[in-house]
Amino acid sequence: LSLIVIGIYGSEMFNADKYRVLIGEMEERVWTQDIQPKDPQHFRPVSYESAIYVARKAVGELGTVGSQFEIREDSLTLQVISGELWYVLPLDFAGFRAWNDTGTVIGYIKVHAEDPNRQPEVKQLSREKQFVYTPGAWFGNDLIRHLRQSGNFRVNLAGTHLEIDENDAPWWVTSVLTPTIGQFGDKVTGVLITNPVTGERTFAPIGQIPAWIDRVIPRSLTKNYIDHWGEYVHGWWNSVWRKRDLVEAESPSLVFSGEKKPVYVTGVTSQNNRDDSLVGLIYTDTHTGKSVYYRTKGGATDAAVVQAVSKFQDVQFKKLHAADPQLYNLYGTMASVAPLMNENYAYSGVAIANIS
């Protein structure tokens, strides 16, 4: 009975207005005035899939060590390290037996996001610096369980990933979420920064996040906020019956501005399945969650860009496919840059599409 009451009290049916404003106050601005032309030398031609492919090859070359550890793909992060974009892919135990036999994780892998020809860097740490606390460890060494046992019971923990500080030291970063609508409607209050070796942790609230941390707001939470914002534009009843003016979010793409500032770029499109064009773009600061809305006059969605590129004759002939398109200002034009990969997800070039 308690669960039913809690569910009804926090349901979207009775709290549509509250769910819609979870994204916060959103300013509307002009895209061409805010988004400056992108420096071609700082594109991200290496997609997430390519980064994982390269990292897997690197693990395979470690020999017998590679059989004990695996890449933790859900903890992959893209960040700025020494002024360059890198993917950081933590290694983790390949099951209970590997954890029981080794006890520590040897390190992590860095894949350059701007130069696909750069060799990956396998960071094999010395024994005293190897990871004891990881999401894939067991019992008291399980990272989330460790954080719970440290007093974080009445909050939600999400978005755990590995980031490298200015001294080249790795840290687990976990977003701390607090419910605001009954037991639902999570809002990020800060991050827990955990030492993978000692388990020591520090809470950094929003507004006091260290500059070297690039991602505070989880990607999935950003998409949920935008979906609520677009779905409950005229209340809950309209979302299930009249369906007037409903919009939905594409998958947010993490991009870095000319100042290397990380933002999520999310395309907004109509919920009408026959309408495959953008109605707007939302840029969300990954540190503060502050969002800005830019109206667009049509324009291709990410799915439409990938489809158009895949039908291109040269792409078909070489048996390539596009993934992870990123929206940039190219010489004053709103364009999507889509990395091209072969069947094994190895980098094979880029396609640039004018989304209009």
For this session: Check the pair Tyr347, Asn117 against side-chain contact (heavy atoms from CB on, under 4.5 Å), reporting the backbone distance first and the verdict last.
Result: CA-CA 9 Å; Tyr347 170 80; Asn117 297 316; 5.6 Å; no

Problem set entry | Check against side-chain contact (heavy atoms from CB on, under 4.5 Å), Phe96 and Phe139 | CA-CA 10 Å; Phe96 176 79; Phe139 306 122; 3.8 Å; yes

For this session: List the steps, then state whether side-chain contact (heavy atoms from CB on, under 4.5 Å) holds for Asn141 with Phe131.
Result: CA-CA 10 Å; Asn141 291 350; Phe131 300 171; over 6 Å; no

For this session: Apply the test salt bridge (Lys or Arg N to Asp or Glu O under 4.0 Å) to residues Arg56 and Glu73: give CA-CA distance (whole Å), side-chain angles for both, the deciding distance (0.1 Å), then the verdict.
Result: CA-CA 10 Å; Arg56 284 175 176 170; Glu73 297 178 13; 2.4 Å; yes

Problem set entry | Stepwise side-chain contact (heavy atoms from CB on, under 4.5 Å) test for Ser47 and Met341 | CA-CA 9 Å; Ser47 67; Met341 297 168 289; 3.1 Å; yes

Exercise. Tyr264 and Tyr283: ring pair (Phe, Tyr, Trp, His ring centres under 6.0 Å), yes or no, with the steps?
Worked result: CA-CA 6 Å; Tyr264 289 125; Tyr283 282 62; over 10 Å; no

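Between Tyr293 and Trp229, the ring planes lie tilted relative to each other; the angle falls in the 30° to 60° range. In this pair, His112 and Trp86 present their aromatic rings perpendicular. The plane angle is above 60°, beyond the 30 to 60° band. Between Tyr345 and His321, the two ring planes are perpendicular [angle over 60°; tilted spans 30° to 60°]. Taking the six-membered ring where the residue is Trp, Phe93 and Trp99 present perpendicular rings, their angle passing 60° and hence far from 30°.
Two residues are said to be in side-chain contact when any heavy atoms from C-beta on lie closer than 4.5 Å; Leu76 and Val88 fail this criterion. Here the side chains of Asp142 and Pro135 are not in contact, with every heavy-atom distance at 4.5 Å or above. No side-chain heavy atom of Thr174 sits under 4.5 Å from any side-chain heavy atom of Val191. The closest side-chain heavy-atom distance from Ile164 to Trp212 is not below 4.5 Å. Considering only heavy atoms from C-beta on, Val350 stays 4.5 Å or farther from Leu340 through its side chain. At least one side-chain heavy atom of Leu22 sits under 4.5 Å from a side-chain heavy atom of Thr180. Looking at Pro179 and Phe184, their side chains never come closer than 4.5 Å, going by heavy atoms from C-beta outward. Taking 4.5 Å as the limit, every side-chain heavy atom of Lys223 sits out of range of all side-chain heavy atoms of Tyr225.
Side chains of Tyr294 and Asp34: a donor-acceptor N/O pair is present below 3.5 angstrom, by distance only. In summary, the side chains of Tyr87 and Arg44 do present a donor paired with an acceptor at a separation below 3.5 Å, with no hydrogens or angles considered. A side-chain donor from one of Glu128 and Ser126 sits under 3.5 Å from a side-chain acceptor of the other. Residues Arg242 and His234 bring no donor and acceptor atom of their side chains to less than 3.5 Å of each other. For the residue pair Thr301/Thr269, the side-chain donor-acceptor check at 3.5 Å is not satisfied. For the residue pair Trp171 / Asn195, no side-chain donor-acceptor distance below 3.5 Å is found, with atom types taken as modelled. Side-chain contact of Thr134 with Asp92: a donor-acceptor pair under 3.5 Å is present, judged by distance alone.
Side chain of Lys129 to main chain of Leu125: no donor-acceptor pair is present (N/O by atom type, distance under 3.5 Å, no hydrogens or angles). Under a 3.5 Å cut-off, the side chain of Thr102 and the backbone N or O of Ala98 do form a donor-acceptor pair. Without hydrogens or angle criteria, Asn354 side chain to Ser356 main chain gives a donor-acceptor distance under 3.5 Å. Side chain of Thr189 to main chain of Thr178: no donor-acceptor pair is present (N/O by atom type, distance under 3.5 Å, no hydrogens or angles). Between the side chain of Ser348 and the backbone N or O of Ala346, at least one donor-acceptor pair lies under 3.5 Å. Put simply, the side chain of Gln124 never gets that close to the backbone of Ile106: no donor and acceptor are under 3.5 Å apart. Under a 3.5 Å cut-off, the side chain of Trp241 and the backbone N or O of Trp236 do not form any donor-acceptor pair. A distance-only check finds no donor-acceptor pair linking the side chain of Thr333 to the backbone of Ala335 [under 3.5 Å]. Checking side-chain atoms of Thr286 against main-chain N and O of Asp214 turns up a donor-acceptor pair under 3.5 Å. Side-chain N or O atoms of Asn15 include none that pairs as donor or acceptor with a backbone N or O of Lys18 at under 3.5 Å.
To the nearest 0.5 Å, atom CG of residue Leu281 and atom CD of residue Glu250 are 8.5 Å apart. With rounding to the nearest 0.5 Å, the separation of CD in Gln183 from CG in Asn156 is 8.5 Å. Atom CZ in Phe43 sits 8.5 Å away from atom CD in Gln326 (nearest 0.5 Å). In this structure, Leu91 CG and Gln130 CD are separated by 10.5 Å, a value rounded to the nearest 0.5 Å. Once rounded to the nearest 0.5 Å, the distance linking CD1 of Ile109 with CD1 of Ile71 reads 5.0 Å. Taking OG from Ser239 and CG from Asp227, the interatomic distance works out to 12.0 Å, rounded to the nearest 0.5 Å.
For Glu84, the salt bridge (Lys or Arg N to Asp or Glu O under 4.0 Å) partners are Arg118, not counting sequence neighbours.
Under 4.0 Å is where a charged nitrogen must lie from a carboxylate oxygen, and between Arg97 and Asp101 no such pair does. Under 4.0 Å is where a charged nitrogen must lie from a carboxylate oxygen, and between Arg295 and Glu28 at least one such pair does. With respect to Glu121 and Lys123, a salt bridge is recorded, a charged nitrogen being found less than 4.0 Å from a carboxylate O.
Here the shortest heavy-atom pairing between Ile209 and Ala204 reads CD1-O, 3.3 Å.
Residue-environment remark: CZ (Phe203) exceeds the threshold of 12 foreign heavy atoms within 6.0 Å.
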